[in-house]
Amino acid sequence: MKPWYITTAIDYANGDPHLGHALEKIGADAIARWHRLQGTPVRFLMGMDEHGQKVFQSAQAAGMSPQAWVDGISTHFEQTWLSLHCAHDDWMRTTEPRHAAGVQALLERIRERHPEDLFVGEYEGLYCVGCEEFKQEGQLVDGRCPEHPSRELVRTKEKNTFFRLSAYRDRVLALVEANDAFRVEPQIRRNEILSTLREGLQDISISRARLPWGIPFPGTDDETVYVWFDALINYLSATGYPEAGWDAIWPADLHVVGKGITRFHCIIWPAMLLAADLPLPKAIWAHGYVQWGGAKVSKSEGSSVTIAEGAERHGADALRWFLLREVGFENDGDFTFERFDAVYESELANGLGNLASRVLAMIEKYRGGMVPTATPAALPVADAAVDAYAAAMDANDLKGAAKLVVDVVTEANGHITVAAPWALAKGGQEAELDVVLVTLATTLLRLSVMTFPFMPEKATALWNALGQDGTPAAAWTNAKRPAVGGASVRKPENLFPRRES
RNA sequence: GGCAGGGUAGCUCAGCUGGUUAGAGCACGGCACUCAUAAUGCCGGGGUCGCGGGUUCGAGUCCCGCCCCUGCUACCA
């Protein structure tokens, strides 16, 4: 059975991972876990983009070989994602031989199927000797390189191989308009892509002369593949392409990317695949950015919170929860410690954590730790939340799904007040008390399943506290029809301890 | 400049095709309860709905103008 194949953008090996990267990986991980929750085999790809001018320069500046430089960065990124409980199945690095093989095979395939789409042309631009790279008009300040204002820019010509992107404009436009086999989401991003396509496309240069740090361009002496063209292909090369078996994984079901790189994923990448006569990914999801006190967090130089600081505050799962619940996976959102602390305390410590604590304590106190086998009472919000949650997760509405979790917690707390189990115990109303306790335990079981994609460690702790073995990783049927009657519970350490202060 | 999306309580946001006193969560104040992580539940204070016109019996919700914010308009990655 073909796995459900999800990818994140590969990060450029030229700096440290920051919260902006983290949102993407965590969101994609939550989506991957949601599919696994339903028993679907999933393949989750993450990785690193390790070629290009800037990497080469950074390595030189650090006095290292490019490979040693990217080796260190790759390890650092992967460890960071693992520490945030992102459970990828494959870690692709564009400096791996399997990737170079995929890139060259794809180029050769395009040349074979549509030879007219690859042609030699001349690239002309303003070259800064200080930076050793071409500058765009928009990058210039007073007609000079902002990094080296004392140097003259040199108008230079370079022979490059071009990809006839313009030839695919109509087909890509039709696909994006149809929004069926190839979907661009959310809609605001789709609209941007549509307007870009309607304005028309230019052919793009896809090779670089004089840059040794890259994949050799097939059929040339000294050219390397332009880093973006190379990078996009990682999604395909990670399937093993062109080795047998790649089509058991490809096409991707979802590429998760940042809103800043939709042009590459929604226009260039499908055009490349069309040129190669290969299937297109089913969907692209472009998330927004994390801001730090209203300012951009990405690309800045440590002026904002680090991932380590964020994870240390209340734990990795709490950081995951906050990013998906408060920042969100569609629009931009703000990260502040004030907000993080407030959400942690109200929703996790006082909300979910305290609910688990009081319910488990009552089951221990009134029933010796055994969940009664009575039939649970209906809780309208919780019962409806299961389907609503599934719909939200299917739509990548992680914020909405998280809100449903909070709604269920709120309803359960209200139910306790109304049912007053302590009064039932005092009055000897044993049957009624059984119903209340099994209803609450059932709700907790549901919550442990629903929170698993967001907070896998905490969800598992709750699952185990309810006497369940293993993890809720594939337990969606238990959310729909939870059965905990007869289970032996044990109250765990506080799931979400309040902060000492 | 063009295109797109926004500007609603201290903060984060809901408000569909215009209609009774503009809503939620957090924060804040009061009350209740005791199973619980001094948690929870109930009640309450708090808003010129960016600004100015207009249409209408009636506009946060439609039209015009203006101000402000964000993104896309780049072969940077």
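Numbers restart at 1 for each chain; the letters A, B, ... are given by sequence-line order, proteins then strands. No experiment lies behind these values; they were computed from the predicted model shown.
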J.: Between B:G45 and B:G6, how far apart are the C1' atoms? Round to whole Å, please.
T.: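 30 Å, rounded to whole Å.
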J.: With a sphere of 6.0 Å drawn around CD of A:E122, does it hold more than 12 non-hydrogen atoms of other residues, nucleotides or ligands?
T.: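 Count over threshold, so yes.
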J.: Base, sugar-phosphate alone, or nothing: which one does A:S195 contact when heavy atoms must sit under 4.0 Å apart?
T.: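 It contacts nothing in the nucleic acid.
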J.: Of the nucleotides B:G71, B:G5, B:A77, which has the atom closest to the A:K259 side chain?
T.: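 Among the listed nucleotides, the one closest to the side chain of A:K259 is B:G71.
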J.: Quick one: label A:F229 by what it contacts on the DNA or RNA (base, sugar-phosphate, nothing), any heavy atom closer than 4.0 Å.
T.: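 Touches nothing.
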J.: Counting side-chain heavy atoms from CB outward, which of B:G25, B:A36, B:C75 is closest to A:S205?
T.: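 When the side chain of A:S205 is considered, B:C75 is the closest of B:G25, B:A36, B:C75.
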J.: Does A:G353 reach a base, just sugar-phosphate, or nothing at all? Heavy atoms under 4.0 Å.
T.: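 Here A:G353 touches the bases of the nucleic acid.
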J.: So which nucleotide from B:A77, B:C72, B:C35 ends up closest to the side chain of A:E192?
T.: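 Nearest to the side-chain atoms of A:E192, counting from C-beta on, is B:C72.
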J.: Between A:E50 and A:T94, what is the shortest heavy-atom contact and its length?
T.: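 Looks like N-OG1, 2.8 Å.
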J.: Does A:Y12 have a side-chain nitrogen or oxygen under 4.0 Å from the phosphate oxygens OP1 or OP2 of B:C76?
T.: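 No, outside the criterion.
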J.: Where the side chain of A:R498 is defined as all heavy atoms beyond and including C-beta, which of B:U37, B:U12, B:C76 is the nearest nucleotide?
T.: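 From the listed options, B:U37 comes nearest.
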J.: What about A:K54: does its side chain form a donor-acceptor pair under 3.5 Å with the base of B:C76?
T.: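 Indeed, a donor on one side and an acceptor on the other fall under 3.5 Å apart.
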J.: Kindly point out which of B:A77, B:U73, B:A39 is positioned nearest to the side chain of A:R263?
T.: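 Looking only at heavy atoms from C-beta outward on A:R263, the closest nucleotide is B:U73.
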J.: Would you give the length of the straight line joining atom CG of A:D334 to atom CD of A:Q291, rounded to the nearest 0.5 angstrom?
T.: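 It comes to 6.0 Å.
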J.: May I have the distance from A:E338 (atom CD) to B:G25 (atom C1'), rounded to whole angstrom?
T.: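 So the two atoms are 18 Å apart, to the nearest Å.
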J.: Quick one: are the ring centres of A:H51 and A:Y226 less than 6.0 Å apart?
T.: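 That pair fails the under 6.0 Å test.
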J.: Could you tell me the separation between the CZ atom of A:R358 and the P atom of B:A38, rounded to a whole number of Å?
T.: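 Checked: the CZ to P distance equals 12 Å.
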J.: Side chain of A:D332: nearest nucleotide among B:U70, B:A77, B:A39?
T.: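 Selected nucleotide: B:U70.
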J.: Can you sort out the partners of A:F119 under ring-ring contact (aromatic ring centres under 6.0 Å, His included), two or more places apart, ordered by chain and number?
T.: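 A:F119: ring-ring contact (aromatic ring centres under 6.0 Å, His included) contacts with A:F162.
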J.: Determine: side-chain N/O of A:N331 to OP1/OP2 of B:G6, distance under 4.0 Å, yes or no.
T.: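 A:N331 to B:G6 OP1/OP2: no side-chain N or O under 4.0 Å.
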J.: Quick check: on RNA chain B, is the nucleotide nearest A:V409 upstream (toward 5') of the one nearest A:K399, or the reverse? Name the residue that is more 5'.
T.: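 Its nearest nucleotide being more 5', the pick is A:K399.
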J.: Taking the minimum atom-to-atom distance to the side chain of A:A349, which one of B:G71, B:U37, B:C76 wins?
T.: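 That would be B:U37.
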J.: A:Y366 near the nucleic acid: base, sugar-phosphate alone, or nothing, with a heavy-atom cut-off under 4.0 Å?
T.: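 Since only primed, P, OP1 and OP2 atoms lie under 4.0 Å of A:Y366, the category is sugar-phosphate.
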J.: Is A:E347 paired with A:R325 through a side-chain N to carboxylate O contact shorter than 4.0 Å?
T.: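 Looking at A:R325 and A:E347, the cut-off is met.
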J.: What is the nucleic acid contact for A:D203, judged by heavy atoms within less than 4.0 Å: base, sugar-phosphate only, or nothing?
T.: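 Result for A:D203 = nothing.
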J.: In whole angstroms, how far is the P atom of B:C72 from the CD atom of A:Q187?
T.: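 That distance rounds to 18 Å.
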J.: Pairs counted as Watson-Crick or G-U wobble with both distances under 3.5 Å: what dot-bracket string results for RNA chain B, using | for bases tied to another strand?
T.: (((((((..((((.....[...)))).(((((.......))))).....(((((..]....))))))))))))....
J.: When we call it a touch if two heavy atoms are under 4.0 Å apart, what does A:L495 touch: a base, just sugar-phosphate, or nothing?
T.: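 Answer is base: heavy atoms of A:L495 come under 4.0 Å of a base.
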J.: Flag the pair A:F496 / A:H314 as yes when their ring centroid distance falls below 6.0 Å, and as no otherwise.
T.: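 No: the rings miss the under 6.0 Å criterion.
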J.: Contact class for A:N413 (heavy atom, under 4.0 Å): base, sugar-phosphate, or nothing?
T.: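 Sugar-phosphate contact only.
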J.: Which whole number of Å gives the distance between the P atom of B:G2 and that of B:U8?
T.: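 That atom pair is separated by 25 Å.
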J.: Using a cut-off of 4.0 Å on non-hydrogen atoms, how would the nucleic acid contact of A:N191 be classed: base, sugar-phosphate, or nothing?
T.: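 Touches nothing.
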J.: Just to be sure I understand the rule, does A:E326 reach a base, reach only the sugar-phosphate, or reach nothing, if contact means heavy atoms closer than 4.0 Å?
T.: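 The residue A:E326 makes sugar-phosphate contact but no base contact.
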J.: What interatomic distance, in whole Å, is found between C1' of B:G23 and the corresponding atom of B:A36?
T.: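 Roughly 31 Å separates the two C1' atoms.
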J.: With a 4.0 Å limit, can you tell me whether A:R190 has a side-chain N or O closer than that to the phosphate oxygens OP1/OP2 of B:A4?
T.: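 False: A:R190 side-chain N/O out of range (4.0 Å or more) of B:A4 OP1/OP2.
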J.: Give me the distance, rounded to whole Å, that separates B:C35 from B:A59 when you measure between the C1' atoms they each carry.
T.: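 Approximately 50 Å lies between the C1' atom of B:C35 and that of B:A59.
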J.: Kindly say whether the aromatic ring centers of A:F322 and A:Y344 come within a distance under 6.0 Å.
T.: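 Ring centroids of A:F322 and A:Y344 are no less than 6.0 Å from each other.
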J.: Could you measure between the two P atoms, the one in B:C67 and the one in B:C51, and give it in whole Å?
T.: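 Comparing P positions in B:C67 and B:C51 gives a spacing of 15 Å.
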J.: Students often get this wrong, so: under 4.0 angstrom with heavy atoms, is A:K403 touching a base, only sugar-phosphate, or nothing?
T.: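 No contact.
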J.: Write down the distance between CH2 (A:W228) and P (B:C75), rounded to a whole number of angstrom.
T.: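 To the nearest whole Å, that distance equals 13 Å.
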J.: For the residue pair A:W321 and A:F454, categorise the inter-ring angle as parallel (less than 30°), tilted (30 to 60°) or perpendicular (more than 60°).
T.: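 Rings of A:W321 and A:F454: perpendicular, as their planes differ by over 60°.
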J.: Is the positively charged end of A:R313 above the ring of A:F337, judged by distance under 6.0 angstrom from the centroid and angle within 45° of the axis?
T.: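 Pair A:R313/A:F337 counts as cation-pi.
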J.: Looking at A:K491, does any N or O in its side chain come under 4.0 Å of the phosphate oxygens OP1/OP2 on B:U37?
T.: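 Affirmative; the distance criterion is met.
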J.: Toward the 5' end of RNA chain B, which comes first, A:T196 or A:I204, by nearest nucleotide?
T.: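 Taking each residue's closest nucleotide, the earlier one in sequence belongs to A:T196.
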